[in-house]
Q: 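My structure is below; once you've seen it, I'll send some questions.
Along the sequence shown, residues are numbered consecutively beginning with 1.
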Amino acid sequence: MVLFLNGPVQNGDFTFRNAPGKAVGIRLASALNKVLGQPEVPHLWNTATLSGDIRYRAQDRPHALPRAAFELAHLTNKYGPGMPQPTTVVTDADPGVAELALTIVDEHLANGVLRIGAANVQECAGCGHTVGLGARRCTSCTNECLRVRSTRHLIKDNAAGQATSASELLHIRNRRRQHHLDEISRHVPHLLLLSRPRSHGVRLDALGLHGHVLDPRAGLHVTALFAAQRQGAELAAMTVTPNALAHIAAYASGFVDHHGHRLRYALHGRVPYDAVPALQRVYAFHHADDSDRRVFESWFLPLLALRNKNRTHPGQLPALVKYFLKVRRAEPQIDQDETAERLREKITMGDPDWVMDKHLLAAALNRYERLMPRV
């Protein structure tokens, strides 16, 4: 059986109320797990970010919280009305995540997949932050004095043709539809640096890389893998947008399989929540009550994003409201058990087309209604 986890959300300056699209992956994972009868899973967060470093440095230093407590306080404010409170949260800098990450790194150092060696990088002459070779100023402190020098890093050598194919990591029945994602894999640098000079994250001091942490793009894979292991899941699917996948795919190799636990991607698109307020007349026309609206916006639209891998067009929303309400108000089918089994099979196999099958959607909705009764 597959367990769904959200791709770690960056702990930035937002709340789910003013940025509901950031909760799509969380809501999608929760909805799919409920259909499969899986327990609630933790919400995953990415806290080892440059914006977090800058925000932390801006604190009133005499009253500054430790970084982990600072990040936790910041992310707990994200939740509000209409957003289910998590049973727990896991961040990419938690002790359990760090322990697993270092275990994986040690194993890969021993078998030659990774190595520690010198690499030429461009960095800020002021704060030491590593910046891209084409950059003209430091993205951390805005200093324009940059230098290129040789420093020790955790390195993965990607020989030609050995990069992991992005489509091989998709939890999807028909990979041919996502064949274009393999283009991402072909642009992996020959020399991939997996360490970054930061103070927060999976610290690599034990490897002799003092002041360095594991690159957050590898760290977020370990975060999901750790959560999967803690839940006892052999296969976990991390909900992620195609755009996010383009940024993290290169860092997956070596961090998605460990001791019988596998991590894959469940691609989903974006939901046009900015267009939802314009649906009031549509709701009124169909006599939709508050419960109808809540379930449509927070449950059905995230599920639809699993089918629409890019973005649902705002112009489709009125027709989708009509479809959803028709399914919700229909009489239950006689063969509910058989339909529910077909639904579970499609989700387990990564077939998202069931969302637009009224019988299968009704089975999923029935499961949701029993667990989350109308209020």
Side-chain angles (χ1 to χ4, degrees), residues 4 6-35 43-46 51 74-86 89 239-244 266-330 352 354-358 361-362 364-369 371-375:
F4 290 89
N6 70 278
V9 185
Q10 287 196 9
N11 191 19
D13 291 322
F14 71 91
T15 67
F16 286 126
R17 175 173 287 275
N18 62 30
K22 292 185 179 296
V24 170
I26 291 176
R27 286 171 166 156
L28 175 58
S30 177
L32 294 173
N33 287 329
K34 281 184 171 65
V35 172
H43 294 180
L44 309 186
W45 285 88
N46 177 16
S51 60
H74 198 71
L75 70 87
T76 53
N77 292 329
K78 302 286 187 290
Y79 297 87
M83 187 64 197
Q85 294 292 323
V89 298
T239 59
V240 63
T241 64
N243 184 58
L267 280 181
H268 69 88
R270 299 185 181 277
V271 174
Y273 278 118
D274 53 339
V276 166
L279 291 175
Q280 297 310 311
R281 285 198 291 181
V282 178
Y283 286 145
F285 178 81
H286 291 288
H287 306 290
D289 59 23
D290 289 342
S291 178
D292 291 326
R293 300 176 188 184
R294 173 177 54 81
V295 179
F296 174 77
E297 295 172 13
S298 65
W299 183 83
F300 175 71
L301 286 181
L303 283 174
L304 186 68
L306 184 68
R307 185 175 185 271
N308 298 343
K309 303 300 184 186
N310 293 312
R311 188 175 192 268
T312 300
H313 193 277
Q316 297 174 291
L317 292 180
L320 291 171
V321 170
K322 181 180 179 180
Y323 166 71
F324 168 76
L325 292 175
K326 183 177 180 179
V327 172
R328 195 177 196 215
R329 294 167 179 173
W354 65 267
V355 180
M356 296 307 292
D357 181 312
K358 61 183 180 181
L361 179 64
L365 186 57
N366 179 61
R367 176 72 179 176
Y368 175 82
E369 298 286 8
L371 294 174
M372 302 289 290
R374 298 189 189 199
V375 294

Q: Apply side-chain hydrogen bond (donor to acceptor under 3.5 Å, both in side chains) to Q280 and list each qualifying residue two or more places apart in sequence or on a separate chain.
A: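 Listed in chain order: R293.
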Q: Drop me the distance from W45's CH2 to I26's CD1, to the nearest 0.5 angstrom.
A: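 These two atoms lie 5.5 Å from each other.
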Q: Hey, are D274 and R311 close enough for a salt bridge, meaning a charged N less than 4.0 Å from a carboxylate O?
A: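 Yes.
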Q: Between V35 and A364, what is the shortest heavy-atom contact and its length?
A: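 V35 and A364 have their closest heavy atoms at CG2-CB, 3.9 Å.
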Q: Of all residues at least two apart in sequence or in a different chain, which pass the side-chain hydrogen bond (donor to acceptor under 3.5 Å, both in side chains) check with N77?
A: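 Scan of N77 (side-chain hydrogen bond (donor to acceptor under 3.5 Å, both in side chains), adjacent residues dropped) gives none.
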Q: Sequence neighbours excluded, which residues qualify as side-chain contact (heavy atoms from CB on, under 4.5 Å) partners of A278?
A: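 So A278 forms no side-chain contact (heavy atoms from CB on, under 4.5 Å) with any residue.
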Q: How close do G269 and V24 get, heavy atom to heavy atom, and via which atoms?
A: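 Looking at all heavy atoms of both residues, the shortest contact is O-CG1, 4.3 Å.
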Q: Any salt bridge (Lys or Arg N to Asp or Glu O under 4.0 Å) pairs touching residues 20-30, not counting sequence neighbours?
A: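 Residue pairs passing salt bridge (Lys or Arg N to Asp or Glu O under 4.0 Å), neighbours aside: none found.
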Q: Minimum heavy-atom separation for H287 and D292, please, with both atom names.
A: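 Minimum heavy-atom contact is O-OD2, 4.2 Å.
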Q: Can you name the closest pair of heavy atoms from L279 and P318 and give their distance?
A: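 Nearest pair, atom of L279 first, then P318: CD2-N, 4.2 Å.
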Q: Is a side-chain N or O of K358 found less than 3.5 angstrom from the main chain of Y323, in a donor-acceptor match?
A: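 The answer is no, because no donor-acceptor pair under 3.5 Å joins these two groups.
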Q: How long is the span from the CG atom in L267 to the CG atom in N243, to the nearest 0.5 Å?
A: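 Reported to 0.5 Å precision, the distance equals 11.5 Å.
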Q: Nearest 0.5 Å, please: how far is CG in L303 from CZ in F324?
A: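 Rounded to the nearest 0.5 Å, the CZ-CG separation comes out at 10.0 Å.
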Q: Would you give me the side-chain donor-acceptor pairs under 3.5 Å for residues 295-302, sequence neighbours excluded?
A:
{"residue": "E297", "atom": "OE2", "partner": "Y283", "partner atom": "OH", "Å": "2.7"}
{"residue": "S298", "atom": "OG", "partner": "R294", "partner atom": "O", "Å": "2.6"}

Q: Using the side-chain contact (heavy atoms from CB on, under 4.5 Å) criterion, which residues pair with T15? Sequence neighbours excluded.
A: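 For T15, the residues satisfying side-chain contact (heavy atoms from CB on, under 4.5 Å) (neighbours in sequence not counted) are R17, N18.
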Q: Identify, with sequence neighbours excluded, every residue that meets side-chain contact (heavy atoms from CB on, under 4.5 Å) alongside K326.
A: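 K326 satisfies side-chain contact (heavy atoms from CB on, under 4.5 Å) with no residue once adjacent residues are dropped.
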Q: Just jot down the side-chain contact (heavy atoms from CB on, under 4.5 Å) partners of T239, sequence neighbours excluded, or say none.
A: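 Residues passing side-chain contact (heavy atoms from CB on, under 4.5 Å) with T239: N6, L28, A29, A266, H268.
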Q: Can you name the ring pair (Phe, Tyr, Trp, His ring centres under 6.0 Å) partners of Y79, sequence neighbours left out?
A: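 By the ring pair (Phe, Tyr, Trp, His ring centres under 6.0 Å) rule, Y79 matches F16, H43.
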Q: Check salt bridge (Lys or Arg N to Asp or Glu O under 4.0 Å) between R270 and all other residues, then give those that pass, not counting sequence neighbours.
A: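 Counting only residues at least two positions away or on another chain, R270 forms no salt bridge (Lys or Arg N to Asp or Glu O under 4.0 Å).
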Q: What distance separates E369 CD from R328 CZ, expressed to the nearest 0.5 Å?
A: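 E369 CD to R328 CZ: 4.0 Å, rounded to 0.5 Å.
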Q: Closer than 3.5 angstrom, by distance alone: can the side chain of H313 be matched with the main-chain N or O of G315 as a donor-acceptor pair?
A: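 The answer is yes, because a donor-acceptor pair under 3.5 Å joins these two groups.
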Q: Show every salt bridge (Lys or Arg N to Asp or Glu O under 4.0 Å) that has at least one partner inside residues 6-16, sequence neighbours left out.
A: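 Counting only pairs at least two positions apart or across chains, the salt bridge (Lys or Arg N to Asp or Glu O under 4.0 Å) contacts touching residues 6-16 are D13-R55.
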Q: Provide the closest heavy-atom pair for A244 versus V240 in the form atom of the first, atom of the second, distance.
A: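 What the structure gives for the nearest pair is CB-CG2, 3.5 Å.
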Q: Excluding sequence neighbours, so at least two apart, what forms side-chain hydrogen bond (donor to acceptor under 3.5 Å, both in side chains) with N308?
A: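 Once residues adjacent in sequence are excluded, the partners of N308 under the side-chain hydrogen bond (donor to acceptor under 3.5 Å, both in side chains) criterion are T312.
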Q: Would you check if L75 and V89 make a side-chain contact, meaning some heavy-atom pair closer than 4.5 Å?
A: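 They are in side-chain contact.
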Q: Please examine the side chains of V9 and F14, heavy atoms only from C-beta on, and report whether any two atoms are closer than 4.5 Å.
A: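 They are in contact (side-chain heavy atoms under 4.5 Å apart), so the answer is yes.
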